Amino acid sequence: MSNIVSNEQIRLGDREFSRKICRQVKNLSRCYQCSMCSDGCPVAYAMDYYPNQIIHLVQLGLKEKVLQSTAIWICASCETCASRCPNDIEIVHMMDVLRGESLEVGFKNPVQNISKFHEVFLGQIRKKGRIDEGSLLLSYELKTLDFLSAGNLREEGRLGLEMFRKGKLKLPSGKRHAHRAVKEIFKKVHSRENTRGH
Amino acid sequence: MAEAGRHPNIRVLANTDIETVEGEAGNFTVTVTRRPRYVNEDLCVGCRTCSTYCPQTLPNVFDENLSAAKAIDILCTQSIPAVAAVNREACLYFQNKCTICLGVCKAKAIDFSQKRKKGVMHVGAIIVSPGYEVFDAKIAGAYGYGRLKNVMNSLEFERVLSASGPSKGEVLRRSDGKIPSKIAWLQCVGSRDARVGHSYCSGICCTYAIKQMILVKHHYPSIEVSIFHNDIRSFGKGFEDFYNRARQMQGARFIRKRISSIKENKRNNNLIVTYTSDGCHTIEEEEFDMAVLSVGMSPSKANGALAGILGLELNHHGFCHTDSFSPGEIAGRPGIFAAATFTGPMDIPDSISSASGAGAAAAQLLSSRRGTLTLPKAYPIARFIEGEEPRIGVFVCHCGTNIAGVADVSSLLAHASALKDVVHCEDQVVSCASDSLQKITKAIKEKRLNRVVISACSPKDHEEAFREALRESGLNPYLLDIANIREQCTWVHYGSKDEANQKAKEIISMSVARARNLCPIEDIKLPINKNGLVIGGGLAGMKAALSLARQGFKVYLVEKNEELGGQLAMLHYTLDGMPVKPFLKNLIAEIKSNNNIEVFRGYELKSFAGYVGNFKSTLAGVNNAKAASVELEHGIVIVATGGQLLKPAEYRYGESQKVVTQQELEQMIASNSLPGDLKQVAIIQCVGARNEKRKYCSRICCGEALKNALKIKELNENTDVVVFYRDLRAYGFREDYYLQARDKGVLFIQYEPENKPEIDLQRESLSLSFYDSILNMKGELNPDLLILSTPIIPEGNQELSQLLRVSLTGDGFFMEAHMKLRPLDTATDGIFLCGMAHYPKYIPETINQADGAALRAATILSQNSITASGAVCWIAEDKCISCGACISVCRYGAIEFCETPHGKKAGINPVLCKGDGLCNSTCPTGAISLRHFVDEGITAQIDSAFEA
Amino acid sequence: MKDGAGSPVGAVLVVGGGISGVQASLDLASSGFKVYLVEKAPMIGGKMAQLDKTFPTLDCSL
């Protein structure tokens, strides 16, 4: 799992980057590396850097490493870390800010499927005003074409069936919910982002 | 503890609440309410018969609810007062359902008619030390405390480890009663945690967890023990050694991870924790049989109400607010002093120093009224017993069920009464209870006893109380022997009652045989010289001298330098932002203007002789320019010689202007000579400390580094400050400043001794390479300034320790009489200790110790005479062959050759002799004997053992 | 002491009967002051009485 090249040298990096993120994320500079966030993180096993390492990278100002990490995309925003952090650091918000930062800088998402998932997810909300798991899944699979790789189809089929049986998965439906209001929200967010960009 | 219960000038009011406090320093009127315990303290003998019959069980709070108590009970064996109390909520009497205890109490001590009683007292000063509470681990819910059976908090575990605890010292799982094979400790539960409102560090948990780990290992070598921790903060005297000892144990692990939650394996009630492993970037999932939560200190819930009554302020952590320069005083409330954990988390020796320190402040305030409300105890004149045949009284204690539950007391009485010279036999439920002691006194008088045997517990427990009973009856206290039938018999043989009974009989026979040979011994009374000598004119010495002087004693203050101030003179500001210079200036002015203090600057101690109450010292000028030597006579000595800062011998110190010590940096900041355009500053901790050569942690360097890092940031917030540390030991409220430093953007990078940062110096350009364990990467910096945090090292202690005959620790600091309970005393009576001569410490800790040492010294100086035990050695001159063997084994310098008409013979100074018996067992001709342990007595005792 | 306020009282109230309260009481009582030691629980000793052994010497706590 380790992506760390241990003979690479750390130099104190982009201090402005570090300050900028610390300004946006409450208590971020308070981290004393107890690693409670990572020890309780349910998806840490899939990350290249653990949450505590991400914080350390931000503090050191190692911008590129942070913004190109898979961790910021893999974070499931479950808030376990933030609810346990003894320094009350908004870790989940930090991940959000870093994702935004990464997109803004124009880094390619190292976990392409996650971007695709976000695109599909937001696309559906924009279109129908809400998510339904069936069509979300269908669009996602069509977008990533993941099911084409060997064995995936069978595995995902099995999982889908299981979820369906337990009522966790509903059939795709064309129903719309307050989609006009939702559209307004999207419009507002866009215009705000545009003004912030200039 | 027991001493407090017996002291004639201490009135212990248990079950009592403070209601109101009026008046001012010197004259307070305090009203209190005594809640009824429904037991008359004067009548109760502590036999616990009532609790045996009481039908109502409830959890025993003393055992952290792990064992059961009754609604009327004494919750712990050594309770003071040793009398029962009724739990009103649980007691069935108050539901009109039960009166059993009333019927079974032979002493008629139970009294349900007791009401709340108000009391008023007049005092000149108040010392507030209500202590702390243990953090409620239920608040940190993810650890499953209170929900998962095999998770317990550290105080509960303390009871589990205790031989007198709920499982008699056996470590057992609550789920199945089995001995665990793997135990985990989780640190910082309720400490260093903003979510639960305790951002401070409790300061004690790291070392107590290490202690528990070691105790478990002693008892069960095969149990695997692991501590999950953040920093290990073993900063106190001897703690680092203790930590190293634990790390070297087989099957002991220290894992630098703070665990997020505990899950339970439902099949076996094992506990599962997960943690990341940075090095190999994996997630570990590990199962333990038991988990101990190292819970921190919470301010007592009653602090708020107490603060209201006393009119004082709590800080934002809920503890009493005090400042660095007056750690026991409360702003705006003269005459009320705060002590120990009321002012913040601290360990036992610091609490004791702080308590003595607060006591000193009270004693200063009231020094004019010393002795006005106390009475010396008066005794009848001792009876002359020479020529009398032995008339021995034997008292057999039941000690509740401790003795009576195993041995058959009536058979012991029958056995004892048949022994030669025994004229009186009596059994007692608890011999050490005050009414039992009165009965002993009465029996001695009525039956004209001239020897007494108490068959009870170890003489270490209550010998002094029994001797007191003899004194009160007019019998010499040395005519007592104690037959220890508890620790040495019923406690260890509780499984085999018959054998235990037989052994108890034999122990009593032996004791009676010895008692027959006991002789009266006169204690030695010595006058006391009421002057004090304080060695060292730094903060500790000046504070101690000032406190003694204000308590009304004449003080000689000796400083080897020309100026007073010591290490304090090197400081400019404190971590809490107080300027040091004005404080120091004031202190020196106070010393100079106090008529009770005579200062000797530029002098050193050259020779030293005498004993407590009567020391003689010679001072000599350090420079020859000084006048000839000075002779001083004094009753006590306070050692306050301080320490000095180590000059670093590594990291290119001395080769570049850019490498400085913490102290030099502080000097630069104070003199405005720190370059304003510093881009990057690196600080390295533990330079020359916590290594092979100097094993101890110097305690104050982390705080100093934080202080200066904050100062650099204050001067220029754009300067990058990187601190390389091993464990950042910002204990107590110092954690606030660690937090502040991080808030300000100071970077902290942890290192292990095998991966120390390295410095390269190329034409005045520094490069620092380091290893970052969090990222498993190497790194490099080019600091404009490198600051080295070096430890305080002992200064001149070796010579002084030889002069004073006071031992040093392996690290070269002065050794106290007892690391825990007597931190300010040395093993030599009359010599006390404070400040950095004892160990590196912060300013408020030094002040507490200095004031405390002054009060400890005053307990001697306030007496008119001092009593030394007469149970010492003496030499039969005619048998002495002048070989000197005794002189070389005596550790107290009590034996010297003296000229006699028969030549040079060994002579003993009874005042210095401690009666340890080393000389008399060494003497080749049997010339030396130890009073109270004479050969005749011991031989008779041994003979009697073989008679049966 | 302040004039007119009467002379100070040679007694001290110690609030709390844990190890620190006991220490302050003993020191003051042994140097000539009357001490009232007030404890809210039915017994004195506080937390320390509950400890098994103490660090770093592993001595008994009572």
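By convention in this document, chain letters (A, B, ...) are assigned in the order of the sequence lines, proteins followed by strands, and residues within each chain are numbered from 1. Only a predicted model underlies this, so the values are computations on that prediction, with no experimental measurement involved.
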Please determine, among T374(B), V30(B), I127(B), the option with the most heavy-atom pairs under 4.5 Å with chain C. I127(B)

Residue part contacting chain C, namely of F342(B), when any heavy atom lies under 4.5 Å: neither

To the nearest 0.5 angstrom, please state how far the CD atom of Q50(C) sits from the CG atom of L155(B). 4.5 Å

Which bit of S129(B) comes within less than 4.5 Å of chain C, counting heavy atoms only: side chain, backbone, both or neither? both

When every non-hydrogen atom of L28(C) is compared with those of G359(B), the smallest separation belongs to CD2-O, 3.4 Å

To the nearest 0.5 Å, atom CG of L26(C) lies from atom CD1 of I10(B) at 4.5 Å

In this structure, OG of S30(C) is separated from CD of Q863(B) (nearest 0.5 Å) by 7.0 Å

Quick check for you: among N9(B), L855(B), T372(B), which has the greatest number of heavy-atom pairs under 4.5 Å with chain C? N9(B)

If we only count heavy atoms from C-beta on, is the L366(B) to V12(C) side-chain gap below 4.5 Å? yes

Under a 4.5 Å heavy-atom cutoff, which of I18(B), V123(B), V83(B), L861(B) has the most pairs with chain C? V123(B)

Inter-residue atom distance K40(C).NZ - R35(B).CZ, 0.5 Å rounding: 8.5 Å

Would you compute the distance between atom OG of S354(B) and atom CD of Q23(C) and round it to the nearest 0.5 angstrom? 10.5 Å

Any side-chain heavy atom of I19(C) sitting closer than 4.5 Å to one from I352(B)? yes

If we define contacts as heavy-atom pairs under 4.5 Å, which of A41(C), G21(C), G16(C), A11(C) has the most with chain B? A11(C)

When rounded to the nearest 0.5 angstrom, what distance separates CZ in R370(B) from OG in S31(C)? 5.0 Å

Of all heavy-atom pairs between S356(B) and D27(C), which one has the smallest distance, and what is that distance? OG-OD2, 2.6 Å

Which atoms form the tightest heavy-atom contact between P81(B) and M43(C), and what is the distance? CD-CA, 4.3 Å

